[in-house]
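Everything below concerns the one structure shown next.
None of these values were measured; they are calculated from a predicted model. Residue numbers begin at 1 in each chain, while the letters A, B, ... track the order of the sequences.
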Amino acid sequence: SQQGEEDPQALSIQEGENATMNCSYKTSINNLQWYRQNSGRGLVHLILIRSNEREKHSGRLRVTLDTSKKSSSLLITASRAADTASYFCATAPISGGYNKLIFGAGTRLAVHP
Amino acid sequence: DVKVTQSSRYLVKRTGEKVFLECVQDMDHENMFWYRQDPGLGLRLIYFSYDVKMKEKGDIPEGYSVSREKKERFSLILESASTNQTSMYLCAGRRQASGNQPQHFGDGTRLSIL
């Protein structure tokens, strides 16, 4: 079974709006990571948040982590058409050391001009 | 910038062929990974390598093998290709130095087995 599960599976918004994607996981983790994938391309790393961190920012991105609820959220503020992509959360479970990442099925974000 | 290069973006092979997918990284990263990506399933780990000549099975190693003779190169081998191996294959590299490091991905190889 998948460790990380994103919600929603698909999200459609207008440019300038905020986009929020959620991720839930099942076991204790070392860190949680968010990646973006443009259509037909590889994954690009966005943010890594460690298990002892609660919030992290990078430009228009804000990631939160609640280890008590085993959940994370990715907020993209003031979205742009170029943000259209699939977004994946990936967890590094403690049982797997730091080498293993378990990916969810992703959220497909469409930002309309 | 980090760079992970996969030798082919698209590849078409026939059932029963032996298929080689090549991945090269220029980051001097110790760890390298092969995933396959299928719709609705996310990425699934096939094999990974801690270092040269070191390898470990991931979640779905059946039907695959790997080779890492040099630090910068990690090859995925489909011993006898089957149609259920049609998929997007992604290679990644990661620095071993400290635990909390991201993975850096290539652009993927879309493999079709006919």
Side chain, backbone, both or neither of B:Asp107 within contact of chain A (heavy atoms, under 4.5 Å): both
task: Enumerate by number any residue of residues 34-44 of chain A whose heavy atoms lie under 4.5 Å from heavy atoms of chain B; in the absence of such residues, state 'none'.
output: A:Tyr35, A:Gln37, A:Gly40, A:Arg41, A:Gly42, A:Leu43
- prompt: In terms of heavy-atom pairs under 4.5 Å, which option from B:Arg44, B:Arg9, B:Arg110, B:Gln6 contacts chain A the most?
  reply: B:Arg9
- prompt: Between A:Phe88 and A:Phe103, how do the two ring planes meet: parallel, tilted or perpendicular, split at 30° and 60°?
  reply: perpendicular
query: Have B:Ser49 and B:Glu56 got a donor and an acceptor in their side chains that come within less than 3.5 Å?
result: no
query: Between A:Ser86 and A:Arg108, do the side chains contain an N or O donor and an N or O acceptor separated by less than 3.5 Å?
result: no
- request: Counting only heavy atoms closer than 4.5 Å, note whether B:Asp59 contacts chain A via side chain, backbone, both or neither.
  value: side chain
message: Do the side chains of A:Arg62 and A:Glu55 get close enough for a salt bridge, i.e. N-O under 4.0 angstrom?
response: yes
- prompt: Between B:Tyr35 and B:Phe33, how do the two ring planes meet: parallel, tilted or perpendicular, split at 30° and 60°?
  reply: parallel
message: Any salt bridge linking A:Arg54 with A:Asp66? Criterion: basic side-chain nitrogen under 4.0 Å from a carboxylate oxygen.
response: no
- prompt: Charged N to carboxylate O under 4.0 angstrom, B:Glu30 versus B:Arg95?
  reply: no
- prompt: Is B:Lys71 salt-bridged to B:Asp51, cutoff N-O under 4.0 Å?
  reply: no
- prompt: By a 4.5 Å heavy-atom criterion (distance strictly below it), what part of B:Leu90 contacts chain A: side chain, backbone, both, or neither?
  reply: side chain
